[in-house]
Amino acid sequence: MNNNSLKKMERVLLIIFIVLGVIAIAGVILLIRFGNNTSNNEGNQSEEEQQVGEQTYDWEAGLSDNTLWLPNNCEIYSKIPEFTFFDEQGNTHSISDFEGKPTVVVFWASWCSDCQEQMPIMNQYIQSSKAYGDVQFIFVNKTDGEKETEDSAISYFQNLGIDETLYFDKELDAYNTLGIHNIPTTLFINEDGIITEWSPKQITEVTKFDALLKKALFGGSYATSDFITSRMMDDEGAIHSSYDETSSSTFSSDVLSESEGAMLEYAILSEKQELFDQILDYIQTNLGDEGLTPWVISTSQTSKVNALVDDLRIYKSIDGAQQLWGGYEKILEQYKKLLITYGTYNGKFVDFYDADSKEYASRFTLCYGDLKAMKLLAEGNSDVKVTYDSCESIVVNGQISNDFPLYYSWYNYSDKKYEKDELNTAEAMLTLLHLAEVDLLPDNTLSWIETQMQQSGVKARYTVDGTISEGYNYDSTAVYALIAMIGVEEGDKTLINEAVKKMEKMRIDDDSLDYNGAFGMEDGSGISSFDQVMPLITYMKIYGK
């Protein structure tokens, strides 16, 4: 073979190689973009699946955040919008016709491979639900007349042997009214027509269905509270900071005053006096030097330093117990005296007192400004009232800018200035919650949160110029729990809905697991006490409202 022939062959092979490379790259892109939803649509989205109302659904974003697959026009813990569907005789039914009993609504189609994973197990779910009373099931078929007809739906449904009525969404009224993006979508509705749980994907295990059903019937706090008290709290009332499937490892982790105080608040909201007394007794038994509540207790030592924000929460909870049950006057007065003595210095609230060095902090962290508790502390004490006014001024004037209307992390008393450290977003949201609780949250801050929630969400850490800190572009359970609580204080149902959707993305729902109801990784890792107690309080505040 001469040189010219070799060169021609090389060019041909090079062209073939380039073409194959381009095809391979295109194939990878298509798989990434559409791989997760081809089973629902056989590789082609129909017009109504791509379009809900006038908004085009962002399928690529949905692959990275499954909360985007949830129905657009529904809100968790709110009344389900009215919609209609048909039975086999052509009679029209409305979802409101079924009020009075807990109801599970399943939207499905026979051609959908994800539905084909869930539908054959529905008989098991129906049988399992009988343990919890009279739960009714509504199966609504997505009958578009093309990919699915009444005949194909009836044939498939009959072969499953499900002894329930089959309904048809022939005009896609339900699909479009609710803003459904995906099938199967399963909604759990209580007897008053309130959506209490939902799943935008197939449910393929009885233990997972049971966990979702119990959450719908008994509330979000049901399993989470049980997990904390049975797996993270020891017999003395200490809530340990890190969960491990080995209880000895869990109970060797630190005990933080923030978790103790938060569980006291939960006990007040849920009116569980026995739980309240158990935790309060632990706090009283383990007071440090000067009678302070140590911010951390480890297996080796007890801290000689308190944390003002936790002390304020504990004080506020003890006052709540006094209002609710009575009999806590002495403890309340003792705690009030300690807070004034060691939580204030020279007419200012301070972060902590160090019992070893006998020194007060020269700073004030803005999220420590529990203004509601501070107002309570100042009642009947003019000196503390002046201290409160000074603290309120520091917090209110700590907004960074109109473009980035969050608040600086802390104020330096020595230099009389706000320090421009990066913002731990959980602390930043706690500052905003404290402002919202006393009607001082500004509109521009609330608008910023709402805008972020409509986009990619609020991330774990920010610089003071409003950019996400490197390495912190991820979601936090506690952050979204706090945002939901802000929504409760502001009466913003949309914000509550968006925040709870993001929060519950990290929730583990599987009755077969010891950590069912916990927030963390599916394998049981990454479960910390703060990420449990914040959603627990959130659930109670939502139900309470």
Side-chain angles (χ1 to χ4, degrees), residues 241 254 256-259 261-262 295-296 303 305-313 343-346 348-354 357 359-371 373-374 390-437 440-442 444-449 451-452 456-483 485-486 528 530-531 534:
S241 57
D254 295 343
L256 305 177
S257 58
E258 69 177 7
S259 298
W295 79 270
V296 59
S303 172
V305 178
N306 68 313
L308 175 66
V309 65
D310 302 332
D311 291 347
L312 288 168
R313 191 193 293 269
T344 65
Y345 183 66
N346 285 341
K348 302 178 180 68
F349 279 104
V350 293
D351 282 5
F352 60 84
Y353 173 78
D354 188 328
S357 65
E359 292 181 349
Y360 291 86
S362 61
R363 59 181 281 171
F364 181 74
T365 301
L366 268 63
C367 74
Y368 280 27
D370 186 340
L371 301 176
M374 289 173 172
S390 172
C391 178
E392 181 186 288
S393 177
I394 289 173
V395 177
V396 169
N397 292 313
Q399 191 177 86
I400 296 170
S401 69
N402 189 54
D403 292 332
F404 184 52
L406 298 189
Y407 289 71
Y408 289 109
S409 293
W410 61 286
Y411 183 81
N412 188 323
Y413 284 132
S414 299
D415 296 338
K416 297 182 180 180
K417 68 176 185 179
Y418 298 97
E419 298 293 348
K420 297 182 179 180
D421 291 352
E422 291 189 351
L423 307 185
N424 175 312
T425 311
E427 293 180 354
M429 293 302 111
L430 187 56
T431 300
L432 305 187
L433 176 60
H434 289 154
L435 286 166
E437 287 175 339
L440 289 175
L441 185 68
N444 64 341
T445 302
L446 185 60
S447 295
W448 183 89
I449 298 174
T451 299
Q452 302 309 306
S456 60
V458 178
K459 302 308 175 182
R461 186 180 287 267
Y462 289 85
T463 64
V464 292
D465 63 4
T467 60
I468 300 168
S469 301
E470 186 175 352
Y472 288 90
N473 189 17
Y474 58 83
D475 291 335
S476 159
T477 299
V479 165
Y480 290 123
L482 288 162
I483 291 173
M485 285 189 252
I486 292 168
S528 65
F530 190 63
D531 278 343
M534 287 297 102

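The structure displayed is predicted, hence computed values, not measured ones.
Annotation: side-chain contact (heavy atoms from CB on, under 4.5 Å) contacts of T344 (sequence neighbours excluded): I340, F349, T387. Remark: Y408 pairs with Y418 by the ring pair (Phe, Tyr, Trp, His ring centres under 6.0 Å) rule, at least two apart or across chains.
Closest heavy-atom contact between F530 and S259: N-OG, 4.3 Å. When every heavy atom of G457 is checked against every heavy atom of Y480, the shortest pair comes out as CA-OH, 3.5 Å. Looking at every heavy atom in both residues, L308 comes nearest to F364 through CD2-CE1, 3.9 Å. Closest approach of E422 and S409 over heavy atoms only: O-OG, 3.3 Å. In this structure, I486 and L432 approach most closely via the heavy-atom pair CD1-CB, 3.7 Å. Of all non-hydrogen atoms in M485 and M534, the two that sit nearest each other are CE-O, 3.7 Å.
Under the 3.5 Å distance criterion, the side-chain polar atoms of T477 are left unmatched by any main-chain donor or acceptor of D531. Between the side chain of D354 and the backbone N or O of E359, no donor-acceptor pair lies under 3.5 Å.
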Point to revise | Worked verdict on R363 versus N412 for side chain to side chain contact (heavy atoms under 4.5 Å, CB included) | key: CA-CA 5 Å; R363 59 181 281 171; N412 188 323; 5.7 Å; no
Quiz item: Taking it one step at a time, do D370 and E437 satisfy side chain to side chain contact (heavy atoms under 4.5 Å, CB included)?
Solution: CA-CA 9 Å; D370 186 340; E437 287 175 339; 4.0 Å; yes
- Message: Between Y368 and W295, is the ring pair (Phe, Tyr, Trp, His ring centres under 6.0 Å) condition met? List the steps.
- Response: CA-CA 13 Å; Y368 280 27; W295 79 270; over 10 Å; no
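Side chains of K348 and I394 form no contact here, defined as non-hydrogen atoms less than 4.5 Å apart. In this structure the side chain of K459 never reaches within 4.5 angstrom of the side chain of Y472, judged on heavy atoms. Residues L312 and M374 have side chains in contact (heavy-atom distance under 4.5 Å, counting atoms from C-beta outward).
Here the straight-line distance linking atom CE of M429 with atom CG of L423 works out to 8.5 Å at 0.5 Å rounding. In this structure, OG1 on T445 lies 11.5 Å from CG on L440, to the nearest 0.5 angstrom. The OG atom of S241 lies 5.0 Å from the CG atom of L256; values are rounded to the nearest 0.5 Å.
More than 12 heavy atoms of other residues, nucleotides or ligands sit less than 6.0 Å from atom OH of Y413.
Counting only N and O atoms by type, the side chains of D465 and T467 include a donor and acceptor under 3.5 Å apart. For the 3.5 Å distance criterion, the side chains of E427 and T365 fail to qualify, holding no donor opposite an acceptor.
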